[in-house]
Amino acid sequence: MRVLVVGAGRAGARVIKQLRKNPIIEIITVDPRADIYAVEQGIIESVDIQEAFTPLTIDYVLEKAEPDLVLLAMATEDLGLGQAPGIEILADALRKEVASDVKVPLIEIARYGE
């Protein structure tokens, strides 16, 4: 089973750690940031796809990853939107749009404390 983990920040790192407990699962990661928490913590060596996961890039990322399941663990920074005031509202709307556009099962992971 191929699982695409979108976001390799704190939440994504926790997801990756749990998925690694099952050797049958192949984990593919996507994150646009230069400084990636899961890499800094030694959980992964690098992300597989260094790209923002937005409605404009969904088809490209899914074609490249070919996942059976998508786990959405992305923070606002994973969308590549910057730090403008109120950006979280736009980020939430984009997450919902992304979730509705994905043709494979998608589960959004809670990002507590991130």
Side-chain angles (χ1 to χ4, degrees):
M1 172 181 230
R2 293 173 61 91
V3 177
L4 176 63
V5 178
V6 180
R10 292 180 193 281
R14 289 190 304 269
V15 168
I16 293 165
K17 280 182 171 180
Q18 291 302 313
L19 291 174
R20 281 198 169 156
K21 293 178 181 180
N22 186 338
I24 296 172
I25 296 174
E26 181 181 354
I27 304 165
I28 303 100
T29 55
V30 60
D31 195 305
R33 293 177 280 190
D35 299 321
I36 300 169
Y37 180 82
V39 173
E40 293 169 355
Q41 297 299 308
I43 297 164
I44 57 174
E45 286 186 33
S46 63
V47 293
D48 299 298
I49 305 168
Q50 193 155 15
E51 183 72 56
F53 195 68
T54 68
L56 297 175
T57 62
I58 287 174
D59 291 337
Y60 167 75
V61 172
L62 293 179
E63 183 178 309
K64 194 165 183 178
E66 298 180 336
D68 299 305
L69 172 66
V70 176
L71 298 178
L72 199 58
M74 61 186 195
T76 302
E77 295 80 24
D78 300 334
L79 293 166
L81 299 173
Q83 300 293 323
I87 204 73
E88 191 61 43
I89 296 167
L90 175 60
D92 284 339
L94 282 173
R95 283 187 202 98
K96 287 181 177 102
E97 187 174 345
V98 164
S100 69
D101 284 347
V102 174
K103 305 293 187 254
V104 296
L106 180 141
I107 299 170
E108 188 168 354
I109 305 299
R111 298 171 315 278
Y112 301 109
E114 198 168 322

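The figures here come from the full heavy-atom set of this structure, side chains too, leaving out hydrogens, waters and symmetry mates. We number each residue from 1, following the sequence as shown.
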Without placing hydrogens or testing angles, list every side-chain donor-acceptor pair under 3.5 Å for residues 17-26, not counting sequence neighbours.
{"from": "Q18", "atom 1": "OE1", "to": "K21", "atom 2": "NZ", "distance (Å)": "3.0"}
{"from": "R20", "atom 1": "NH1", "to": "I43", "atom 2": "O", "distance (Å)": "2.3"}
{"from": "R20", "atom 1": "NH2", "to": "I43", "atom 2": "O", "distance (Å)": "2.8"}
{"from": "N22", "atom 1": "OD1", "to": "I24", "atom 2": "N", "distance (Å)": "3.0"}
{"from": "E26", "atom 1": "OE1", "to": "R2", "atom 2": "NH1", "distance (Å)": "3.1"}
{"from": "E26", "atom 1": "OE2", "to": "R2", "atom 2": "NH1", "distance (Å)": "2.8"}

Considering all heavy atoms of both residues, which atom of [X] and which atom of [Y] are nearest to each other, and what is their separation?
{"X": "D35", "Y": "E40", "value": "CB-OE2, 3.3 Å"}
{"X": "A65", "Y": "I49", "value": "CB-CD1, 4.0 Å"}
{"X": "V104", "Y": "P67", "value": "CG1-O, 3.6 Å"}
{"X": "T57", "Y": "A52", "value": "OG1-O, 2.5 Å"}
{"X": "V6", "Y": "V70", "value": "CG2-CG1, 3.8 Å"}

Check: Excluding sequence neighbours, so at least two apart, what forms side-chain hydrogen bond (donor to acceptor under 3.5 Å, both in side chains) with K64?
Finding: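 Applying side-chain hydrogen bond (donor to acceptor under 3.5 Å, both in side chains) to K64 gives Y60.
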
Next item on the list: State the CZ-CD distance between R14 and Q41, to the nearest 0.5 angstrom.
Entry: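 Atom-to-atom, R14:CZ and Q41:CD are 11.5 Å apart.
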
Margin query: Quick check for you: to the nearest 0.5 Å, what is the distance between D48 atom CG and D31 atom CG?
Written below: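 The distance works out to 11.0 Å.
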
Notebook entry, point to check: Is there a side-chain contact between F53 and L72, using heavy atoms and a 4.5 Å cut-off?
Noted result: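 They are in side-chain contact.
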
Check: Any side-chain heavy atom of L4 sitting closer than 4.5 Å to one from L62?
Finding: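 Yes - at least one pair of side-chain heavy atoms lies under 4.5 Å apart.
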
Next item on the list: Mind checking side-chain contact (heavy atoms from CB on, under 4.5 Å) for L69 and listing every partner two or more places apart, or none if nothing turns up?
Entry: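 Partners of L69 under the side-chain contact (heavy atoms from CB on, under 4.5 Å) test: M1, V3, L71, P105, I107.
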
Next item on the list: Sequence neighbours left out, what passes side-chain contact (heavy atoms from CB on, under 4.5 Å) with V39? Give chain and number order.
Entry: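 Once residues adjacent in sequence are excluded, the partners of V39 under the side-chain contact (heavy atoms from CB on, under 4.5 Å) criterion are I36, I44.
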
Margin query: Does atom CG (D59) have a neighbourhood of more than 12 heavy atoms from anything else shown, all under 6.0 Å?
Written below: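 Count not over threshold, so no.
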
Check: More than 12 foreign heavy atoms under 6.0 Å from CD of E63: is that the case here?
Finding: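 Result for CD/E63: open.
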
Checklist line | Single-linkage hydrophobic cluster, 4.5 Å side-chain cutoff, Y37 and V5 together | finding: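 No: no chain of side-chain contacts under 4.5 Å links Y37 to V5.
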
